[in-house]
Structures are given as structure tokens and as C-alpha cells.
Amino acid sequence: MSQFPHNPAIIPPGALPSPLDPPAKAAGGVAAPTGPSFGEVLRDTQGVQFSGHAIQRVQRRGIEMGENTISRLREGVDRAAGKGARESVVFVDDTAFVVSVRNRTVITAVDRDHMKDHVFTNIDSAVIA
């Protein structure tokens, strides 16, 4: 037994991987994801934020959120703000984004398959971006 008391705050040498080690493998032999999560990426888009609900809708519905889509969404929000809109639905291709223009926050996202039965309420404007 060691003469020094155990201190759980001290990490023994070799307990942490070296930065030169290859990435850890997740189940199935695929490299574990690194970097920000999908939600963090959407929350950090310049000029427009996504609520937690909107992030869930985008993920669950498999909505493509490429740079072009984000750019067009941002431009649509800018145009709505320029007209004094407060709550807007911004259409980008086959997706409708309900946006709080004042907060520049996407509240929800609806893809083409779910638009058929969807009713947009409390909206004062619509933008086709």
C-alpha cells in the first residue's frame, strides 16, 4: 500500500489519452464524434438562432440545414425585420421556418410532408426566401 493517501482529484499518468493517439472508436467501430453537436451548430448560426424545439424538429424530420439554407433563412428574417414583422413564416425551398423576428429565433420547422395538415397561427408575415 502506498504511503500517500489517495486523492481522486489527481489523475495518474497514462490515464488520459495522448493527443497523438487515434480517436476512440464508438460501438460498431466508427470513430466517436468530435466537435460541437448538431444542436450547438444550429444555436451558433450567425444572425439566426434555433430554439431547442426547432432543433428537435429539424433532426426528427431530417431537414437539410446546409450553409445555403441558413443563408437564405437569415436573408428572409432580415427582410421580415425590415418590414416591421414580429412573427413570420419563412419558406426556404420545401421547408417552412416559423421565426420570432424580434429575437431572430426559429421557433419550429416544418417540412413538405408535414405542411399538409399544419396550421400556422400568430403569424403577421410570410417570406419566400
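Environment of CZ in R79: crowded, with over 12 heavy atoms of neighbouring residues, nucleotides or ligands closer than 6.0 Å. The environment of CD1 in I128 is sparse: at most 12 heavy-atom neighbours from other residues, nucleotides or ligands sit within 6.0 Å. More than 12 heavy-atom neighbours from other residues, nucleotides or ligands sit within 6.0 angstrom of CZ on R61.
Qualifying side-chain hydrogen bond (donor to acceptor under 3.5 Å, both in side chains) partners for S125, counting only residues two or more places apart in sequence or in other chains: S88.
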Would you check, one step at a time, whether the test side chain to side chain contact (heavy atoms under 4.5 Å, CB included) holds for V89 with V127?
CA-CA 6 Å; V89 60; V127 179; over 6 Å; no
Apply side chain to side chain contact (heavy atoms under 4.5 Å, CB included) to the pair V101 and R86, showing each step before the final yes or no.
CA-CA 5 Å; V101 178; R86 293 183 308 265; 5.8 Å; no
Using the rule given for salt bridge (charged side-chain N to carboxylate O under 4.0 Å, His left out), can you reason through R112 versus D93, listing the C-alpha separation, both sets of side-chain angles and the distance that settles it, and then say yes or no?
CA-CA 9 Å; R112 180 182 201 108; D93 297 328; over 6 Å; no
Hey, mind stepping through R102 and E87 against side chain to side chain contact (heavy atoms under 4.5 Å, CB included) and telling me if it holds?
CA-CA 8 Å; R102 290 180 183 171; E87 303 286 328; over 6 Å; no
Could you check V106 against V48 for side chain to side chain contact (heavy atoms under 4.5 Å, CB included), going step by step and ending with a plain yes or no?
CA-CA 7 Å; V106 176; V48 178; 3.6 Å; yes
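I63 and M115 fall into different hydrophobic clusters, where Ile, Leu, Val, Met, Phe, Trp and Tyr are joined by side-chain heavy atoms under 4.5 Å apart, directly or via other members.
A distance of 3.5 Å separates CE of M65 from CD1 of I70, quoted to the nearest 0.5 Å. Remark: T95 OG1 to H114 NE2 distance equals 11.5 Å, nearest 0.5 Å. Taking CD1 of I107 as the start and CZ of F120 as the end, the distance is 11.5 Å to the nearest 0.5 Å. The CD atom of Q49 sits 9.5 Å away from the CD1 atom of I55 when rounded to the nearest 0.5 Å.
Judged purely by atom type and a 3.5 angstrom limit, T105 has no side-chain atom pairing as donor or acceptor with the backbone of S100.
Heavy-atom minimum distance, D124 versus A85: OD1-CB, 3.6 Å. Nearest heavy-atom pair, T108 versus R57, reported as atom, atom and distance to 0.1 Å: OG1-CG, 3.5 Å.
For the side-chain contact (heavy atoms from CB on, under 4.5 Å) with D113, the lone residue among V110, D117, D111 that qualifies is D111.
The shortest side-chain heavy-atom distance between F50 and L73 falls under the 4.5 Å cut-off.
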